[in-house]
Structure formats: structure tokens, C-alpha cells
There are 2 protein chains.
Amino acid sequence: MASISDIHPRTMLIRKLESMAPLSPQERQAIKDLPVRMHAVNARQDIVRDGDQPQHCCLILSGWACRYKLLHEGKRQILSFHIAGDIPDLGTLHIPTMDHGLASVTKATVGFIPHENLRALTEAFPRIGALFWRATLIDAGVFRAWIVGMGRRSAFERIAHLFCEMYLKLQMVGLAGDHRCPMPVTQADLADALGLTSVHVNRVLQTMRGRALITLRSSTLVIAAWDELIRVSEFDPAYLQIDHGLEPHADVA
Amino acid sequence: MASISDIHPRTMLIRKLESMAPLSPQERQAIKDLPVRMHAVNARQDIVRDGDQPQHCCLILSGWACRYKLLHEGKRQILSFHIAGDIPDLGTLHIPTMDHGLASVTKATVGFIPHENLRALTEAFPRIGALFWRATLIDAGVFRAWIVGMGRRSAFERIAHLFCEMYLKLQMVGLAGDHRCPMPVTQADLADALGLTSVHVNRVLQTMRGRALITLRSSTLVIAAWDELIRVSEFDPAYLQIDHGLEPHADVA
DNA sequence: CGCGTCCTTGATTTCGATCAAAATATGTGG
DNA sequence: CCACATATTTTGATCGAAATCAAGGACGCG
């Protein structure tokens with residue numbers, strides 16, 4: 001039974017950054033010294049609102065979150081999904097006003113870290129600053145992948161592509177494996193993420209199940225035919241910058 | 001008659017950065033000292049290819065460029081348009097392998113700046129590093145705006161939105177004004193940028209002309225009904241981070 | 001002035017949207 | 001643990017925006 005106190009927020013951050021590049025003991029310590037204000041949020045709650053000028057960044061510790069934008073007549077576009085280890089609003093360090101909202105998808109735990117401490121951290125340890133920058137660049141790569149999907153892929157291909165993407169993202173932080181991962185989103189959420197309607201998402205999912213490509217029940221996705229999903233969606237994981245075979249380089253002060 | 005030698009590459013960069021934040025004399029000087037290798041490219045030529053690992057960044061000095069991704073059966077998705085002052089591949093400083101291509105749209109002049117010099121610059125002047133980071137964050141905001149458009153806007157609204165976006169981007173660097181700007185793209189380019197077909201773009205443009213919203217002839221866009229275009233496309237310029245309160249571009253010699 | 005690129009037009013098709021309602025989960029308080 | 005309320009998924013019928021296919025026509029440009 002996980003409770004807030006079981007989550008070690010700074011460890012989560014260290015693990016995430018070390019999946020990109022090794023950290024020195026001093027860097028690790030500086031991260032451990034960051035003040036993090038823990039916060040539990042219910043499903044479907046705003047964490048940061050469109051137009052806000054937050055003075056802290058939000059580290060996701062458990063659950064899923066999403067960025068979104070609301071349009072006229074209740075239309076919504078989800079811009080990205082975020083999982084443990086992500087800091088979706090890192091950009092507020094340099095762009096003060098949010099041009100979109102950040103909300104929980106599921107019940108979630110988030111840690112708020114004041115801008116001033118993050119700034120002090122990146123000033124004291126420019127390599128950490130570079131990793132933060134790199135994280136936002138990877139996010140941008142995901143945005144580009146979504147643009148490609150929305151512009152040039154069918155509904156079927158888009159859904160398949162998103163499943164591959166989320167599976168790998170979850171796998172990176174140890175939350176997926178064996179072609180099985182959490183997928184705690186409604187079909188309406190998927191629709192809002194992929195530029196479709198929930199009715200159509202439903203029909204495509206049935207096709208996928210019918211072809212025995214996936215199962216998706218009680219918020220768990222099982223990808224029965226990984227290669228096939230990769231193939232039909234032309235999924236190339238390069239943009240996720242998964243750093244396999246990361247041997248710890250001892251040097252680089 | 002502008003020739004390569006008339007373009008002052010470092011001045012372009014200084015002007016761009018100063019549109020985001022004022023620079024100190026030392027910072028300006030360091031930028032002036034950057035080595036820039038000038039290069040003229042014809043229309044529709046690759047500048048950086050998908051999969052490349054460039055050792056330099058590309059500063060656009062004149063003309064238009066675009067990022068793009070190719071898919072099966074010749075499908076293409078344009079991911080962004082870039083104009084003078086942009087460094088579309090700044091991200092290669094921290095993400096070595098390109099996950100998309102960069103090509104000229106028109107004849108263009110570009111300046112290549114070695115990574116090592118840019119890295120030295122950002123190490124010596126962290127504030128410039130922050131501005132570079134900020135520039136990539138603004139790019140990400142544009143990606144998000146495109147996602148919203150492709151997901152939830154009609155063809156008409158998408159085209160209108162893009163026109164507003166490009167007009168303001170051009171205005172920021174002094175290349176547009178009076179609701180008139182260059183728009184040197186084919187209808188097929190627009191289609192590939194917006195997830196449409198050129199046939200449909202053509203028909204929507206005719207509708208726009210018919211309603212006297214725009215004229216678009218010989219690569220020049222005139223927006224006859226700015227407010228109307230803004231309204232129908234729900235265009236909110238916030239994501240472009242246009243910093244009013246600094247006069248547009250007092251010439252920096 | 002000829003040729004390739006780009007734009008335009010028409011006819012037809014299709015993928016996904018829309019509208020409406022039923023069936024099934026999920027959750028909550030008593 | 002059940003009963004009720006709410007949210008989500010599923011199904012069916014119809015519609016519509018944009019794609020596709022196919023030809024002409026216009027224009028820059030060398």
C-alpha cells in the first residue's frame with residue numbers, strides 16, 4: 001500500500017537524470033538537498049492552469065498527468081502525457097507564463113520545487129542545467145512525433161504509435177515490461193490526445209483487439225503483437241533518446 | 001540586390017537575442033567573435049538530414065527553411081518553418097542525432113557555427129545559454145500550437161492560424177508590417193505543414209480570398225481582415241513570447 | 001517561347017465526426 | 001454489501017470535411 005511518505009522525490013529525480021548522464025556525488029547531494037513540497041492530487045485536477053505564472057516546477061512522482069489546451073465549445077487537445085520522473089513545466093524556469101494547462105489524469109503525487117532552488121542548482125552545476133535543457137528538448141521531440149502522427153497518420157496508426165511511445169517511456173522508469181504497461185486513460189482522453197472522437201477511438205480499439213494486437217482492460221495495456229504495432233505505425237524510438245548501454249563514464253568532472 | 005556579403009550573421013544573432021533580453025557589451029562582443037561559415041543554398045535543399053550528427057548549428061540569415069519528416073509512400077510532414085534569426089537545430093548541442101530533416105524552402109543563406117564555439121559561449125556566458133534554452137522552449141510552444149491546430153481545428157482555421165503565426169514571427173524580425181508579409185511556400189508546402197492535401201488547401205484559400213480575408217499572390221500574403229482571421233482561428237499570440245516593451249529592432253552596428 | 005512546377009477545377013470516395021441511446025463499469029454512501 | 005448515481009464503453013445510423021483521382025490551365029524561368 002503506497003502512501004505519500006513511501007515516495008522519495010529526490011531519488012526519483014536523481015534516477016531520471018542519471019538515466020541521461022551520470023552524476024557526480026556533489027551533484028547527487030545537491031539534488032538531495034532540494035526542498036520538495038509533496039502534494040497528492042485526485043484524478044482530473046488542474047495542477048497548473050493556463051496563464052499561471054508559477055514560482056515552482058512540478059515533479060511527477062506517481063500517477064499520470066497531461067498538458068492540455070481548451071478551445072471553444074469544450075474542445076480539448078491533450079499535448080502530452082507525463083509519468084513519474086517527468087517535470088512537465090520545467091520550461092517555466094525561462095518562460096514565466098503557462099500557455100497551456102497541466103492536469104492530473106489519475107490520482108497522482110507531485111512534488112513542487114521552487115524555481116529559485118532549481119536556478120541555484122543549475123548555476124552551481126551547469127551540467128545539471130544542461131540535462132534539464134536536454135529533457136525539454138526530448139519533450140520537443142515528442143511534440144514533433146505527435147505532429148507527424150496527427151498530420152499524416154490514420155487513426156489506427158496514431159493509436160498504435162502512442163501505445164508504443166507510452167510503453168517505452170514507462171519502461172524507461174521501470175513501470176513497464178514484458179509488453180505490459182499501465183494505460184490509465186479513458187477513450188475520451190485518447191481521443192483528445194490524438195485529435196479523434198471517443199467513438200472512433202472505441203471502434204479502432206475494437207479492431208486492434210479483433211486482430212489480437214493488444215488487450216486493454218482495467219487500465220492495463222498488453223501489447224500482444226509489438227512488432228506488428230511498430231510496423232504499422234512506422235514507430236522509430238530514436239526520438240525518445242533512450243540511452244541503452246549507458247556505461248558510467250568515470251571521468252567528466 | 002542583397003548578396004551574401006551584405007548579410008551580417010553575428011548582428012542577426014545579436015538582434016535576435018536582444019529581442020529576448022538585453023546583452024552586456026562583453027556578451028555582444030563574444031557573439032561577434034563567433035566563427036560563422038556562410039553558405040548559400042538553393043530552394044528545396046537539405047541543410048541537415050534526418051539521422052545526421054552535425055558538429056555545428058545552423059543560423060538562418062535569409063530565406064525560409066523548414067523541419068520535416070518523411071514517411072512511407074512519399075508522405076511528408078513539415079514540423080516548423082524558420083526565418084532569419086532562427087537556429088532550428090540548436091537542439092543538436094544536447095541531442096546529437098537529428099530525428100528529422102532541415103531543408104530550405106526558398107533560396108536561403110545560412111551560417112554554420114561550430115558546436116564547440118557555441119558551447120564555449122554558453123559556458124562563458126550562462127545568460128546566453130539561458131537565452132538559447134529559452135529559444136528552444138519557444139519552439140516547443142509553437143509545436144504545441146500546431147498540435148492543437150491539427151487535432152482540433154478545421155482546415156480553414158488551421159490555415160488562418162498559420163498565417164497569423166508567420167506574420168507575427170516575421171514582424172518580430174522586421175520582415176513584415178502593415179499586415180503584409182512574405183509567404184514563399186507552395187500550397188503543397190502548406191498542406192504538408194498542416195496535415196492537409198494541396199487540393200484542399202487550394203479550395204480553402206479560394207474561400208478566404210472570396211471572403212476578402214486575404215490575398216496571396218507571388219509569395220506575398222496580405223491579411224486584409226486581421227481581426228477576423230484572429231477570431232476564427234482563436235489565435236492567441238502568447239505562445240510566441242513576443243516581448244513588447246522592447247522596441248522592435250534598433251539597429252545594432 | 002517552351003517546359004516544368006504550381007495552381008485550379010470537377011467528380012467521386014472515404015475516414016472519421018456527429019447524434020442518439022443502450023449497456024456496462026466504477027464508485028459511493030448508507 | 002447492496003443500491004444508486006455517475007462515468008465510461010459500446011452500438012447503430014447518418015453526415016460531412018477532406019482525401020483521392022484525374023485533367024486542364026497558368027505562370028515563372030531559363
Side-chain angles (χ1 to χ4, degrees), chain A residues 42-45 64 71-78 103-107 149-160 162 182-210 214-221 232-233, chain B residues 42-45 64 71-78 103-107 149-160 162 182-210 214-221 232-233:
Chain A
N42 284 321
R44 320 193 156 272
Q45 290 202 305
W64 283 34
L71 289 92
H72 64 102
E73 292 162 20
K75 282 210 266 268
R76 178 177 69 143
Q77 178 64 45
I78 289 178
S104 61
V105 173
T106 65
K107 275 177 86 122
M150 315 201 71
R152 291 294 177 231
R153 280 195 249 272
S154 69
F156 187 98
E157 295 160 349
R158 261 181 259 181
I159 294 175
L162 180 65
M183 186 61 60
V185 296
T186 66
Q187 294 179 3
D189 292 330
L190 286 177
D192 283 346
L194 298 169
L196 302 167
T197 59
S198 60
V199 172
H200 197 57
V201 167
N202 182 278
R203 290 182 170 134
V204 171
L205 287 177
Q206 286 179 60
T207 304
M208 287 184 166
R209 284 191 269 245
I214 61 150
T215 63
L216 176 51
R217 279 195 332 267
S218 48
S219 295
T220 298
L221 172 70
V232 301
S233 64
Chain B
N42 284 321
R44 321 196 154 270
Q45 290 201 306
W64 283 34
L71 290 92
H72 65 102
E73 292 162 20
K75 282 211 266 267
R76 179 177 69 144
Q77 178 64 45
I78 289 178
S104 60
V105 173
T106 65
K107 274 177 82 121
M150 315 202 72
R152 291 294 178 233
R153 280 195 250 270
S154 69
F156 186 98
E157 294 162 348
R158 261 181 260 182
I159 294 175
L162 180 65
M183 186 60 60
V185 295
T186 66
Q187 294 179 1
D189 292 331
L190 285 177
D192 284 344
L194 298 170
L196 303 167
T197 58
S198 60
V199 171
H200 196 56
V201 167
N202 181 277
R203 289 180 172 134
V204 172
L205 287 177
Q206 285 179 61
T207 304
M208 287 184 167
R209 285 191 269 245
I214 60 151
T215 63
L216 176 52
R217 278 196 333 267
S218 48
S219 294
T220 297
L221 171 71
V232 302
S233 65

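Below, chain A is the first sequence line, B the second, and so on; all start at residue 1. Computed from a predicted model, the values in this text were never measured in an experiment. Hydrogens, waters and symmetry mates are skipped; everything else that's a heavy atom, side chains included, is used.
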> Between B/Gly195 and A/Arg44, who's closer to the 5' end of DNA chain D by nearest nucleotide?
A/Arg44

> Taking any heavy-atom pair under 4.0 Å as a contact, classify B/Ser198: base, sugar-phosphate, or nothing.
nothing

> If you pin B/Ser218 and B/Arg203 to their nearest nucleotides in DNA chain D, which one's is more 5'?
B/Arg203

> In Å and rounded to the nearest 0.5 Å, what is the CE to CG distance from B/Met150 to B/Leu196?
7.0 Å

> Need two values: the first and the last nucleotide of DNA chain D, 5' to 3', having an atom under 4.0 Å from any heavy-atom of chain A.
D/dT8 to D/dA13

> Please give, in whole Å, the distance from C/dG16 P to A/Leu196 CG?
7 Å

> Where is the tightest heavy-atom contact between B/Val204 and B/Phe156, given as atom of each residue plus distance?
CG1-CA, 3.7 Å

> C/dC15 P sits how many Å from A/Arg158 CZ, rounded?
13 Å

> Remember a base hit wins even if backbone is also touched, and classify A/Leu205 as base, sugar-phosphate or nothing at under 4.0 Å, heavy atoms.
nothing

> Please find the pair of heavy atoms, one from A/Arg209 and one from A/Leu216, that lie closest to each other, and give the distance.
NH1-O, 3.1 Å

> Tell me whether the side-chain N/O atoms of B/Asn202 come closer than 4.0 Å to OP1 or OP2 in C/dT8.
yes

> Round to the nearest Å and state the distance from A/Gln187 atom CD to C/dA17 atom P.
13 Å

> As a quick check of understanding, evaluate side chain to side chain contact (heavy atoms under 4.5 Å, CB included) for A/Thr215 and A/Thr220, giving each step before the final call.
CA-CA 8 Å; A/Thr215 63; A/Thr220 298; over 6 Å; no

> Of all heavy-atom pairs between A/Asn42 and A/Gln45, which one has the smallest distance, and what is that distance?
N-OE1, 3.1 Å

> Tell me what B/Thr197 touches on the nucleic acid: a base, only sugar-phosphate, or nothing, going by heavy atoms under 4.0 Å.
base

> Starting from the 5' end of DNA chain C, give me the residue, A/Ser219 or A/Phe156, whose nearest nucleotide shows up first.
A/Phe156

> What's the separation between atom CD1 in A/Ile159 and atom OG in A/Ser233, rounded to the nearest 0.5 Å?
11.5 Å

> Could you tell me how far apart A/Gln206 (CD) and C/dG16 (P) are, to the nearest whole angstrom?
15 Å

> Nearest heavy-atom pair of B/Gln187 and B/Asn202: which atoms, and what distance?
OE1-ND2, 2.9 Å

> Check every strand shown and say whether A/Arg209 touches a base, only sugar-phosphate, or nothing at a heavy-atom separation below 4.0 Å.
sugar-phosphate

> Within this structure, what is the CD1-to-C1' distance between A/Ile159 and C/dG16, rounded to whole angstrom?
11 Å

